[in-house]
Structure formats: structure tokens, C-alpha cells
There are 2 protein chains.
Amino acid sequence: MTTIKEVAEKAGASVTAVSLSLNHRENGHVKKEVAQRIRRTAKELGYRPNPLARSLRTSRTRTIGFISEEIATTPYAGKMILGAQDAASELGYMMLLVNTDGKGKETDEIAALKRYGTDGFLYAKMYDRISSVPEDLTGCPTVLLDATDGRGKDGVPFIVPDEVAIGYDATMYLIRAGCRRIAYVGCSEPLIAEPLRRKGYVNALKDAGLEHDPSLSIQVLNNRPALKAVERLFDDARPDAFFCFNDARAWYVYEAAARRGLTVGQDISVVGVDNSRIISETFDPRPTTIELPHYEMGYWGARKLISIIEGHPLKPADTTNTLAEMPPLDAPCPVRIHCSIVERGSVTKRKNGGTVHEA
Amino acid sequence: MTTIKEVAEKAGASVTAVSLSLNHRENGHVKKEVAQRIRRTAKELGYRPNPLARSLRTSRTRTIGFISEEIATTPYAGKMILGAQDAASELGYMMLLVNTDGKGKETDEIAALKRYGTDGFLYAKMYDRISSVPEDLTGCPTVLLDATDGRGKDGVPFIVPDEVAIGYDATMYLIRAGCRRIAYVGCSEPLIAEPLRRKGYVNALKDAGLEHDPSLSIQVLNNRPALKAVERLFDDARPDAFFCFNDARAWYVYEAAARRGLTVGQDISVVGVDNSRIISETFDPRPTTIELPHYEMGYWGARKLISIIEGHPLKPADTTNTLAEMPPLDAPCPVRIHCSIVERGSVTKRKNGGTVHEA
DNA sequence: TTGTAAGCGTTATCAA
DNA sequence: TTGATAACGCTTACAA
């Protein structure tokens, strides 16, 4: 590894001049000509500053810590991590990863991260819920991922999926495909997402001028009772399409359909949220899956965090492209991204089907 | 943050004495009494050495880099990362995570990791295959995860699942549950795991004294053709159980069973490899899933790597507990772990159903 | 056994 | 404009 000293010698300048020039802060301190010479020889030598030495001096490390209680408990974790890592990489940051048990270990891991000098923290949950950020993080730049701390705009900045929009789009997709008796197979666990996705479903029906038949909406848990409930739904309400809260719920629809000799994507249509992918991998493409925006939450969470660290606000324009275009009906695996970024003191504004909160 | 200097002052000793004492290298240099006093005051002050400063001096960072081409492309990535992180954490290491595209970006990310001074690298793939480690890593401590470089024991140390044992155990599990006509639903893609799992299946049948009926073995890809093939298998060979290469293959068995009014876990039994979990989540527990040892690969990979970094060999005893006990037949979701660690110059030895390669 | 000081590679201060 | 030099917090060679 070549050092600043070597560059200075080769370029016939002082280390000061080199440091200043390479950080583009030479104005009025180093002659333009010299600065250019320095940059040239630095490039020739393939010089890259030693981040450790730099950090020791500046007490800024250009690293962020990704803290997750349950990296492995859901298949989606990887996407959130990937998104965060991509953003970090784009902005010249490194990402340190720790897993915690949410208890004593958490304190230790956070302490370790702090010792390594991470500039900020991504605190990730694996499904939207109210979750308080550990005390050890107060005062540190932090962004909550897939959770809120319940203190709204006074709380820690957070990124959550726009669940209403997800339900709306899934349902509208089925409507546009010509379905008229669209069922909703929800989840009877108390999840934040549940009523919101259902709300989107109801809104879409309303906007399309379709009657909202309550007998088409059910909530199920799992195993036989869930299957039985779905079978009753098939037989009593006779839906021509299903919007399923998630893949697990969609499974029962597939099973019930198979038992009736019906083929999904032919006799009935199914759209489910989530991404275990098995459905879209194994069966024909049209009955499909809407992915939760885990990648986007990670990506925009990291951008948001770094913007806080560096003291420049994340411009609203930065966030709008999280909303992808609605794919054509014949696209093989249509997916739409819904992701909203909320920060303290922000104002809500509806935009292109998703919700963007601006500062 | 309290510094070594502050500890020295408070304890009435020199920084040298403090450094030596806290690193437990005081023998013959610092009076025992003084060393103890130093350690006490260090504890009182909650002193923790600054890793950056230490690394700058020692050029060892106690960090490892986890390199993955495709963190997000499979649901299993998270587990491997978790395992590696757990091991790192236990051994006092931090883990830096980067994602690459396998091309130009990879070189950049590796360079970045090197600049940050990572002591070693975990190079992870997401399914067992032959994969060469990037040149940039030659000379650096590296462990390949879920892949081999094809150079056998002369190559880079690697960790891969013991696929034969997986197939053996899955099949034996069905045999022990009383099944007699066990089908194998494989995957017709050219995967390393395919013939190995099948081999385990055949071995188990043989060991149990059951006839190996070739008409019970099929390989399918996906969509309608896969479903049709499985349906033919149902109708022609009349199996009472299925060992499926993975969840995606298992899906077709569920679908075909449902179409015949058969209930899995009642009329037929199914064991599948992989962990999308949807099967075990939604249906009765007995027809179940064998998870690939992603966590273990990450965990033992990191231990292996750190042992290389620190220059002390990983003792075989360390690896044996990767082989969990065979769970009782009535366990809700029986899982068995198969993970083998291979290193240069090692010798194979069969142990407790799994394969452990000893140095 | 103890402590002083050099050095790791930067950035920042300040005198020239 | 320029370039010594101190400082960041630690480890370690070496002198006392």
C-alpha cells in the first residue's frame, strides 16, 4: 500500500499539500499546478488513503452498522441487507453487520459497533410493527427499517412499506385483468399490515365501481382450519380471483383449487404478497406475487441514514423513484414497489400511487 | 471513550504497563500486583481499546469480509450470514459485508475490504458448485462457502453440505416412519447436489433392505411438464412417500395429491430439502422439510477462517457438534444438520451419519 | 521491572 | 503558498 508520504516524495511536495489536494480542499493553499501534479502522481501510484489512519484522526469512519434481531428468521432479510449494502457502496460506505437477540447481546453488539466507530445505525425489523430503538442508540444517527417507534414524526426516522398501496394495486391488477368477484384472504394475526392491505383492497373495489361483498373477505391462520375456511369461501362465495395477504395464505387457495379441479391462472386468478417465490417459480406466471419492498427499505434507509450523518437532507426527488411503473398485464412477473420514507417534521403527500413524506 | 493514557494516570502506571497488562503479556515485565491494579482500574473506567488505533499499529483489524455475489437471490443467504456473524461475534471479530456482481464491482469491493484491513475473506455462493475464487484474493486467508474451486485439497478451503447424508437421512426418516414405496422427485438441472442426494436415497433403501425400483425415481424441471410427470408417477408407480429434491419439487407432489383427493401427512408422506418453510408452516408437521446447513456453513466457515488467520488449526472436535441428533419421529419439524469442513491435506472420516474431514 | 519514545498514516494547526 | 509538526490511541523496541 502506497502512503501519502510516498506520493509527496514522488510529486516533490509536502504531505500537507498532498492531503489537501487529494481531498480537493487545496483552494488558496496549494498552487493549482502543484495540486494537479499531485493528483496525477497519486493516480499513477494507485494511492488510496488508509481509512483506518484517516478515521483515527477524523473520528469518522464511513462505516454504518446494520443491526438486526433476526437476520435469519425470514427469507426477506437478505434483500434488506442487500439494499442497504448497495446504497452504502454507492456512497462510499462500508457496512458492518451484527445480529442480536434483542436482549443483553444487543447492548454488547452495539457497543462493539460504536467502538469500531460506525457513523450511524440501521435498526432493522422483519415485519412492520411498533418497536422501540434500544437506548444505547439515542443520540446516534439511526434509521428504523420496517418498523416505527410509535412516536410518529417526533420519533426515530423510519422506512415502512406502503401497505394500503400494495393492497390497492394487487386488487386493481386483478380488476384490470377482468376479475369481478375478488376475494380477500387475510391473516388473523394482529399485524399492522393486515388492515392496511385490506383497506387498499376495499379502496380499489370502490374506485372501480365494484360492490364490496363482505362474504368475499376472510381472515385465516393456518393448517386445517385455514384450509377449511378457504374451501368454504370457494364454495359459498364463488370468487373468480383472490388477493392473498401472503404466500402462506395463497397456498390454501392453491390447495383448495386443486381439490376442485380448478387451475390457477386459468379458472381463477391469484395475487399474493410476499416473496418466498415458490408460487411464481413453479406455476404459470400470471397468477403472481407482489414483493414487499425489502430491498428498497434497505436502500433508502441507508441513503437516509447517510444523509443524516453527512448533514444534508435527503431530497424528496431522491425518493420518488422507489415507485416503479405499473407493469403491463402480460408481464411475466409484475411487481410494484411501494416504499415510503418518513422523517421528523415531514409532510405527507400522495404521489404516483405511493406515499412520499417530504421534509 | 476513555483512553489508555487515562487508565495509566488513574492507575499510576505507564501506558506500556497498561498495554502489556491488558493484553495479558505482562509476564516478567509488569509486577503482578501492578498488573492487577491496572486491570481493575481499566474495568472501573470501562476502558475498551480503540480498535482503529490498535489496527493502525498492528495491521490486524479483527474484522472479516463476507463477500457474496447474490445476497438477495435466495432466501438462505441470511442464514449463512447469520452463522458467520455469530462465529465472528463469539471470537471477537466484526463482519463487513459486501455484495458483488461477480465482475468489475467485485474487484472494487474486494479492494475496499482490503483497504479497511479485513484479516480474511468468506467467499459465499448460494448453492454448491465449482467456482473459482477471484484473483484479488490469492494470498489472503479465504474460505469458500457452499462451493468448491475444483482443485480439491490443493485448493481454497471450503465448506459444503454433505448431500449424500441429507438424501440418506431424508429417506431413512421415511423408512422409519413405515413407508415402503418411496419415490424420489429430483431436479433435472445439472446441480452438484442432485446425484448426491439421489445417491443417499439409494443407499438408504439398500441399507434398509428395500428394493430400489427405478420407476420411483424421476427428475423434473418446472411448470406443467413437471406437474404432469409427478402425476404420472402417482398414477403409475403408486408411491406411499416422496423424497423431494427441494420445496419447488415438493409443490408438485402437493398439487398432484390434492387433485387426487389425497392428503399429505395422512395418505402419503413427503420430505423435501430446503427451507422456504412454506410447507412446514402451512401443513401438518410430519411431512416435513430438511434444511440445508446454511447457518452451519456460515458458522464453521467463519471459525475456519479465523483459525487460519490466527494460525491455530481448527480441531476436528470443534466440528463434530455440527451434527445434531436425529430427532424423534414425533418431533414437530425434525431437522438434521449436515455440514462438512474440508481443508487442504485433510482426510475423510465418516462420523455419526455426517462426514467430517479431519486435518 | 519501569517508563520514554518511535511509529502506524492520516488530518489540522500554525509559523514561515 | 508552503511545509514542519502535533495529534489521533495504540503497540513495542529500547533505555533506564
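Residue numbering restarts at 1 for every chain, and letters A, B, ... go by the order of the sequence lines. All of these numbers come straight from a predicted model, not from anything done at the bench.
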(message) Under a 3.5 Å threshold, yes or no: a donor from one side chain and an acceptor from the other, between B:Tyr93 and B:Glu310?
(response) yes

(request) Starting from C1' on D:dC10, measure out to CZ on B:Arg48 and report it in whole angstrom. (result) 15 Å

(request) Could you point out which residue of B:Lys31, B:Arg39, B:Lys32 forms a salt bridge (charged side-chain N to carboxylate O under 4.0 Å, His left out) with B:Glu26? (result) B:Arg39

(message) From the set C:dT10, D:dT1, D:dG9, return the single nucleotide nearest to any side-chain atom of A:His29.
(response) D:dT1

(request) Without swapping roles, check the side chain of B:Asp119 against the backbone of B:Arg60 for a donor-acceptor pair under 3.5 Å. (result) no

(message) Quick check for you: among D:dT12, C:dT10, D:dA4, whose closest atom lies nearest to any side-chain atom of A:Pro49?
(response) C:dT10

(message) If you assign B:Lys31 and A:Met1 each to the DNA chain C nucleotide with the nearest heavy atom, which residue ends up on the more 5' nucleotide?
(response) B:Lys31

(message) Which nucleotide wins on minimum distance to the side chain of A:Arg57, given the candidates C:dT2, D:dC10, D:dC8?
(response) D:dC8

(message) Of the listed nucleotides (C:dT10, C:dT1, C:dA5), which one gets closest to any side-chain atom of B:Val15?
(response) C:dA5

(request) Between C:dA12, C:dT11, D:dG9, spot the one nearest the side chain of A:Asn23, thanks. (result) C:dT11

(request) Describe the nucleic acid contact of B:Thr58 in one word from base, sugar-phosphate, nothing, applying a heavy-atom distance below 4.0 Å. (result) sugar-phosphate

(message) Assuming nearest nucleotide by heavy-atom distance, tell me which of A:Gly28 and B:Pro51 is located more 5' along DNA chain D.
(response) A:Gly28

(request) Please state how far atom CZ in B:Arg62 lies from atom P in D:dG9, giving the value in whole angstrom units. (result) 21 Å

(message) I need the CG-P distance between A:Asn50 and C:dT11, as an integer number of Å.
(response) 10 Å

(request) Return yes if some donor-acceptor pair links the side-chain N/O of B:Thr118 with the main-chain N/O of B:Leu113 below 3.5 Å, else return no. (result) yes

(request) Provide, to the nearest angstrom, the distance between the NZ atom belonging to B:Lys5 and the P atom belonging to C:dG3. (result) 15 Å

(message) Considering every strand and a 4.0 Å limit on heavy-atom distances, what is the contact class for B:Arg60: base, sugar-phosphate, or nothing?
(response) nothing

(request) Check if the side chain of A:Ser19 and the base of C:dA12 share a donor-acceptor pair of N or O atoms closer than 3.5 Å. (result) no

(request) Would you indicate whether the side-chain heavy atoms of B:Val143 and B:Val156 approach each other to under 4.5 Å? (result) no

(request) Indicate whether OP1 or OP2 belonging to C:dC8 is found under 4.0 Å from a side-chain N or O atom of B:Arg54. (result) no

(request) Grab the CG-P distance between B:Leu22 and D:dC10 for me, whole Å please. (result) 10 Å

(request) May I have the distance from B:Ile4 (atom CD1) to D:dC8 (atom P), rounded to whole angstrom? (result) 14 Å

(request) Can you tell me the distance, in whole Å, between the CG atom of A:Leu20 and the P atom of C:dT10? (result) 14 Å

(request) Find the distance A:Tyr116:OH to D:dC10:P and express it as a whole number of Å. (result) 13 Å

(request) Select base, sugar-phosphate, or nothing to describe what A:Thr16 touches, counting heavy atoms under 4.0 Å on all strands. (result) base

(message) Please report the interatomic distance OH(B:Tyr116) to CE(A:Met94), rounded to the nearest 0.5 Å.
(response) 6.0 Å

(request) Report yes if at least one side-chain N or O of B:Ser14 is closer than 4.0 Å to OP1 or OP2 of C:dG3; otherwise report no. (result) yes

(request) Establish, with yes or no, whether the OP1 or OP2 oxygen of D:dT12 is under 4.0 angstrom from a side-chain nitrogen or oxygen of B:Arg25. (result) yes

